[in-house]
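Below is one structure, written out as structure tokens, with a few remarks after it.
Just follow the structure's listing: the first ligand is 1, and inside any ligand the first atom is 1. All values derive from a computational prediction rather than experimental measurement. The first residue in the sequence is number 1, and the count goes up from there.
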Amino acid sequence: MLLQVAFDKPEHLALLAQMKEFADIIEIGTPMLKRLGLSAITTARELCPEVMVLADTKTVDGGRFEADMVFGAGAAFMTVLSCASSATHETVGRRAAAFGATVIVDTITEAGKAELLPLNAVFPESFGYIAVHSPTDARLAGNTSTLHVDAVRKMHDRGFLVSLAGGIGPDTLQAVIAVEPEILVVGSAITESANPKEVARWIRDRLPNPGRGWPWDRR
Ligand SMILES: O=C(CO)[C@H](O)[C@H](O)COP(=O)(O)O
């Protein structure tokens, strides 16, 4: 299982270097990307050259431009929304292949209903994972649904590697590890804690098969 640490706020940049011993993937979260732009990606690459960077673009259109920007800046992964057009999926997939990068399809707009994902569209080869994702705003508004966690097995049954995100931390770790996503995304439970390094270490120590879950591990 891979640990992706999500850095959503500009002030989280100060934590980047501390996470390199725990994170398999550093996520430049959507708000940070909007605030700091591509410099957040290049900074992460400079501070943590051995850790892959994911740009959480949540792309819905203009895929070619966004892919070229973030992959050109050094991101190894980007996200595209499952509800984007197949033309966007295809162009992002082609650019990822050209850069040797990987796309994650985020089903956040189908939150809790990832199994409804219309997969008559065949995703390009460079699409590595389906993300099942509980939206932050829904959780902050009191939604405690765990349907996205249940969706992990359904996505595995359809042959996808799965990234699981949204509200994951020490309190929920056991339940999310049980459904065996390939990538576990943890943001605020680490970045907003009093001791980010210790929380990251605690989570990392409990991951089954830490550092495994890449597409190439399955080939
Ligand atoms: O992509 C995101 C929000 O859309 C977050 O980065 C992701 O949900 C992880 O954050 P947290 O662990 O705080 O929920």
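- Counting only heavy atoms from C-beta outward, the side chains of Met19 and Pro196 approach each other to under 4.5 Å.
- Side chains of His133 and Glu110: a donor-acceptor N/O pair is absent below 3.5 angstrom, by distance only.
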| task | Give the C-alpha distance, both sets of side-chain angles, the deciding distance and a yes or no for side chain to side chain contact (heavy atoms under 4.5 Å, CB included) between Val152 and Glu180. | result | CA-CA 8 Å; Val152 174; Glu180 300 179 355; over 6 Å; no
Could you pull out the N/O contacts under 3.5 angstrom between ligand 1 and the surrounding protein atoms?
{"residue": "ligand 1", "atom": "1 (O)", "partner": "Asp56", "partner atom": "OD2", "Å": "3.1"}
{"residue": "ligand 1", "atom": "1 (O)", "partner": "Lys58", "partner atom": "NZ", "Å": "3.1"}
{"residue": "ligand 1", "atom": "4 (O)", "partner": "Lys58", "partner atom": "NZ", "Å": "3.0"}
{"residue": "ligand 1", "atom": "6 (O)", "partner": "Asp8", "partner atom": "OD1", "Å": "3.3"}
{"residue": "ligand 1", "atom": "6 (O)", "partner": "Asp8", "partner atom": "OD2", "Å": "2.9"}
{"residue": "ligand 1", "atom": "6 (O)", "partner": "Glu27", "partner atom": "OE2", "Å": "3.1"}
{"residue": "ligand 1", "atom": "8 (O)", "partner": "His133", "partner atom": "NE2", "Å": "2.9"}
{"residue": "ligand 1", "atom": "12 (O)", "partner": "Gly187", "partner atom": "N", "Å": "2.8"}
{"residue": "ligand 1", "atom": "13 (O)", "partner": "Ser188", "partner atom": "N", "Å": "2.9"}
{"residue": "ligand 1", "atom": "13 (O)", "partner": "Ser188", "partner atom": "OG", "Å": "2.6"}
{"residue": "ligand 1", "atom": "14 (O)", "partner": "Arg139", "partner atom": "NH2", "Å": "2.7"}
{"residue": "ligand 1", "atom": "14 (O)", "partner": "Gly167", "partner atom": "N", "Å": "2.8"}

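- At least one cation-pi condition fails for Arg212 and Trp214: the charged atom is not both under 6.0 angstrom from the six-membered ring centre and inside a 45 degree cone around its axis.
- In this structure the side chain of Val132 reaches within 4.5 angstrom of the side chain of Val162, judged on heavy atoms.
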Please report the C-alpha distance between Arg204 and Asp24 in whole Å, then the side-chain angles of each, then the deciding distance to 0.1 Å, and finally whether the salt bridge (Lys or Arg N to Asp or Glu O under 4.0 Å) criterion is met.
-> CA-CA 10 Å; Arg204 179 88 196 179; Asp24 297 292; 2.7 Å; yes
